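Reviewing the structure listed below.
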Amino acid sequence: MCGIVGYTGKDLALPIILGALERLEYRGYDSAGVALIEDGKLIIEKKAGKLRELVKALWGKNYKAKIGIGHTRWATHGSPTDQNAHPHTDQKRQFAVVHNGIIENYIELREELKREGVSFYSDTDTEVIAHLIARNYEGDLLDAVQRTIQKLKGAFAFAVITVHEPERIVCAKSGSPLIVGLGEGENFLASDIPAILPYTRKVIVLDDGEIADITPEGVNVYNFSGEPVSKDVMITPWNIVSAEKSGFKHFMLKEIYEQPKALNDTIKGFFSTEGTIPFSLKDFRRVLIVACGTSYHAGLVGKYWIERFANVPVEVVYASEFRYGHFPVGEKDLVIGISQSGETIDTKFALQSAKERGAFTVGLVNVVGSAIDRESDFTLYTHAGPEIGVAATKTFSAQLAVLYALGARESKEREELYALLRGVPALVESALELSEGVEKVADKYTKAKDFLYLGRYLSYPIALEGALKLKEISYIHAEGYPAGEMKHGPIALIDESMPVMLVAPKDRVYEKMLSNLEEILARKGKVISVGFVNDDVLKKKSRDFMPVPEVHETLTPFVTIIPLQLFAYHIASKLGLDVDQPRNLAKTVTVE
Ligand code: F6R
């Protein structure tokens, strides 16, 4: 988590760094800071709170520096205070460091440094890096970083500047993401591509164990042993419009409305590369899907599709549980890791462990060049563009599209299923149009304390996902449950104060859902339902009804998720909450 950025070049560094931090703020927003070098001196400005607090503190200060580094923090070691905010410096304030990751042996290093007379001003693990680099410095920053790295254990991406070499930034990567952006007479580094999109689309993706030495004139990459490494320059297909709000109040709302495009691009992308997929699901005894959060929910939907279309058994496991569990996995298994960011550490480790045990691993990611992309035996991509809102929306739909296509590819009815999939972007467009009334429905429920979300079959994971969306951005407790399990416990929760969201499109379990609805009404629960637009029965029986277009029974998840995303969005927005940056969360979760 945390976002880091760096600039060295011909223009003023501060506005470039602040702009880049704004686009990286989704990675963490507990505090923010910058370090600049001006007239041979290090300037550090940092503030607890969101980036806007730092911007306020910088008001009227016209720094002329043309080099700098910046940081936006998701606190791990040390509470989110001004003092613990990055950048961190050595005692003489000649070196400044920004860091994303965790230095696992920092206590040991701290004690060692203390014994040598160093005094610490923060509770962070990062501060040790600044002191170590200062102690290892003998006139060459690259050399000092190389020597420092030998002492560090854990996952890190960090960048350092020094007053002794005022045009140079050195950064290193082991575990946490880091890219370098190439400009004309200026160069950049960042945790993620959107940060640098206004300036360049030429990107070098650093691998673990690499160091980049960056000046305005050029970039050289080395491995941790100091040998030069030749790197490919990638031209990212993303552009700055996709990383801006474009008139929407929040990124989340923009991204909900971008779903038809995200689906269209993803479906086209799948068909254009389908011929390169080097396996058939049927070659394996089992498909195992590992993922976290929303990506896990996409995996649960994918299970129904793959089992139905390809007749191959699928298990879906939380990546964090897989890693420390005892799942028998081996050569006969195909393991798919689903991850929007491609950096989620639990999913990455789960895939690594499956690979070590002989399984064939496939990443399904939105970020080209991400760790899971690079480490999997094969990668499938969603082409949803950068997702900035912390709550995943368009990438979920795009993941669904790939999983549907992957299953359909193995079916005797492949062409019919592919044709259905091609029609999905238009169906989602009409689901968005039909969802105009969702805001009014949301209005009635802003004071609710708990929600129950129920669904069966393909709508069960959609109920889980709808509940997750609501809780993460509105902080209202919501529980997703398989509707058939209601009578085994949750029904006890239902009374006149409990809103129950029923996801009930007309599919093979529709009649069962109507029975559940009656059971809820008999206990005076307030039913809000999501159903096909012409379903007068459901509409009449529900207190509130959110319509979706009528679709083929295999396509329901693509449309039923739309009103649920919007419902969560409008509740959080009406409560005045920070929809794009909900408390305690970060978009990319690189800690276990
Ligand atoms: C919820 C959400 C998270 C992520 C989870 C996995 O809206 O965004 O639950 O889905 O942290 O992230 P990725 O997909 O990047 O592995």
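Both ligands and their constituent atoms are indexed starting at 1 by order of listing. Model, not experiment: these values are computed from the prediction. Any value given below was found using the heavy atoms of this structure, including those in side chains, with hydrogens, waters and symmetry copies removed.
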* To do: Please identify which atoms of ligand 1 are closer than 4.0 Å to at least one heavy atom of Lys469.
  => 1 (C), 7 (O)
* Asked: Glu343: heavy atom below 4.0 Å from ligand 1, yes or no?
  -> no
* **Minimum-distance protein heavy atom relative to atom 6 (C) of ligand 1** => Cys292 O, 3.4 Å
* Asked: Any idea which protein heavy atom is nearest atom 2 (C) of ligand 1, and the distance to it?
  -> Thr294 OG1, 3.7 Å
* Asked: Under 3.5 Å, N or O to N or O, is Gly342 touching ligand 1 that way?
  -> no
* Structure fact -> Which of Glu375, Arg357, Arg323 passes side chain to side chain donor-acceptor pair (under 3.5 Å) with Gln352? It is Glu375
* To do: Give the numbers and elements of all ligand 1 atoms closer than 4.0 Å to a heavy atom of Ser339.
  => 13 (P), 14 (O), 15 (O), 16 (O)
* To do: Compare Ile345, Thr344, Thr393, Leu468 and give the one whose heavy atom is closest to atom 16 (O) of ligand 1.
  => Thr344
* **Test item: side-chain donor near acceptor, Gln399 and Ser295, under 3.5 Å** => yes
* For atom 11 (O) of ligand 1, which protein heavy atom lies nearest, and how many Å away is it? -> Val589 CG2, 4.0 Å
* Tyr481/Tyr460 aromatic ring centres below 6.0 Å -> no
* Got the closest protein heavy atom to atom 15 (O) of ligand 1, with its distance? -> Ser341 OG, 2.7 Å
* Under 4.5 Å between any side-chain heavy atoms of Val362 and Phe279, yes or no? -> yes
* Asked: Side chain, backbone, both or neither: which part of Val390 has a heavy atom under 4.0 Å from ligand 1?
  -> backbone
* Specify the protein heavy atom at minimum distance from atom 7 (O) of ligand 1: its residue, its atom name, and the distance to 0.1 Å. => Glu472 OE2, 2.5 Å
* So, Glu53 side chain and Ser31 main chain: donor-acceptor pair closer than 3.5 Å or not? -> no
* **Mutual orientation of the aromatic rings belonging to Tyr381 and His383 [parallel < 30°, tilted 30-60°, perpendicular > 60°]** => tilted
* To do: Show which atoms of ligand 1 fall inside a sub-4.0 Å distance from at least one heavy-atom site of Ser295.
  => 10 (O), 13 (P), 14 (O)
* Gly293 heavy atoms, cut-off 4.0 Å: which ligand 1 atoms fall inside? -> 9 (O), 10 (O)
* Asked: Based purely on interatomic distance, does Gln399 place a nitrogen or oxygen under 3.5 Å from a nitrogen or oxygen of ligand 1?
  -> no
* To do: Show the numbers, then the answer: is there a side-chain contact (heavy atoms from CB on, under 4.5 Å) between Leu464 and Leu300?
  => CA-CA 10 Å; Leu464 294 180; Leu300 288 178; 3.6 Å; yes
* Between Thr347 and ligand 1, does any nitrogen or oxygen pair lie at a separation below 3.5 Å? -> no
